[in-house]
Amino acid sequence: MIRVLFFAGLRDAAQTDKMDVDAMGITDVRSLVAELIRQLPQELSDALSDETAMVSIDHQYAGWDAGIVDGVEVGFLPPVSGG
Amino acid sequence: MIRVLFFAGLRDAAQTDKMDVDAMGITDVRSLVAELIRQLPQELSDALSDETAMVSIDHQYAGWDAGIVDGVEVGFLPPVSGG
Amino acid sequence: MTPTYHSYVWIGEADFDVAHEYRKACDVSPHAGAVVFFVGLVRDLYSEQLKGESVDYIELQHYPQMTESLCANIIQQAFERHPFDSARVLHRVGKIHSGEQIVMVVVASQHRENAFQASQFIMDYLKTRATFWKREVGSRGSNWLGVKDKDKVAAERWKNNDQP
Amino acid sequence: MTPTYHSYVWIGEADFDVAHEYRKACDVSPHAGAVVFFVGLVRDLYSEQLKGESVDYIELQHYPQMTESLCANIIQQAFERHPFDSARVLHRVGKIHSGEQIVMVVVASQHRENAFQASQFIMDYLKTRATFWKREVGSRGSNWLGVKDKDKVAAERWKNNDQP
């Protein structure tokens, strides 16, 4: 299983804060996103397709090219605005 | 009368924190210093003669060339070290 | 390797107490000659996105664990550039109203220059790197804010120079 | 001309309270989004002039009236470079022991950049312009300190650039 977390506007678009995705056939961030778009609302597809979101794997920033293995936690992170 | 104030090391050298000097014959900072040296300990002469002290006239920084008139307050200020 | 500075990161909904944090900073860094604090507060807000209406409150979300880890890393980076005795970062999440405190950074060091530089560095990186998201909430809806351009510029300054 | 910022200068022997000054800064500048404080403390001191012996305390002298006027002027100069909502300067005189507070600067502004810059400017100018004198007192005697070269350099930075 891959644990996926959404934040801020992406959470609103996904209509959920987290979901578990079967790791079968998922090798990298882009194949994970393809699977998410299949399962989640159209609005998420629009929000993710431009690849402006940051990605984290197990709490570390990662690129959209990063590989993904079973058991990791992947975050989709819109531009941050703390402080 | 000219009110003269000494601070820090100059106060120690003068052995006083303030004195009043007759304004007669005093036209600028250097003529005031000549008068002070006449009246005060040798140590003050040593401390003032290199002109490294800052001078104030009525609470404003002034140069060693500044003119002095009767009634002003003159401060002799070693390099500052606050904060 | 023995840590050479004290570091503290707190993220939560409760408000924080500036006086308490100052005392803690002094306690853990008894040889410091300089303490710099920064406190960020919610200003009176009028949102362009919400059609000029006033904002009732802001709401902050974060990524638990990742945020704490990023904050500790930002403190470490600040220390490598401008060594200090201790640094504290406190950041609130949840609903925060106008005039309330959002964030506090405290850096204690031997000399003032490093405390000023390190606290600025930490704030610039918090704004642009740490996984916090802020939205304005008004009666007409809400609006997630992105990182401001000037905050990006502020963070970029540190890339090429040792100080901003 | 109506003043466009709040300014407060206090010089005295009593200790000051950081929490109180923070509350006052917030009270007089309700629209500020950023508050920067600096506190300077007496560090553990070992004097070279006093032959390496430890210093019992430091003693600060100042020029009453002139100092207050210079501090107000330094705040004004800081405002002209980096506008803010309020600035407070508190500086103790008399005997101050190791670990005690000497000086505090608080600047509240809309955005953090000006609060950081203005508080640094005020500290740099306080160190090099304001009529305070500090001496170290130990059992073997006392030693008046001059302005440090690095403080001169810090103050010089502001002459040619808008920020250090």
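Per chain, numbering begins at 1; letters A, B, ... match sequence-line order. Computed from a predicted model, the values in this text were never measured in an experiment.
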**Student:** Which atoms of D/I58 are under 4.5 Å from chain B, going by heavy atoms: the side chain, the backbone, both sets, or neither?
**Tutor:** neither

**Student:** Could you point out which residue of D/S119, D/S109, D/S7 forms a side-chain contact (heavy atoms from CB on, under 4.5 Å) with D/F84?
**Tutor:** D/S109

**Student:** Based on non-hydrogen pairs under 4.5 Å, which of D/R129, D/M123, D/M104, D/E59 is most in contact with chain B?
**Tutor:** D/R129

**Student:** Is B/D12 close to chain D through its backbone or its side chain, or both, or neither, when contacts mean heavy atoms under 4.5 Å?
**Tutor:** side chain

**Student:** Under 6.0 Å from the ring centre and within 45 degrees of the ring axis: does the NZ or CZ of B/R11 meet both conditions for the six-membered ring of B/F6?
**Tutor:** no

**Student:** Determine whether the side chains of B/H59 and B/E73 contain a donor N or O and an acceptor N or O closer than 3.5 Å.
**Tutor:** yes

**Student:** Suppose we call two aromatic rings close when their centres sit under 6.0 Å apart. Are B/F7 and B/F76 close by that rule?
**Tutor:** no

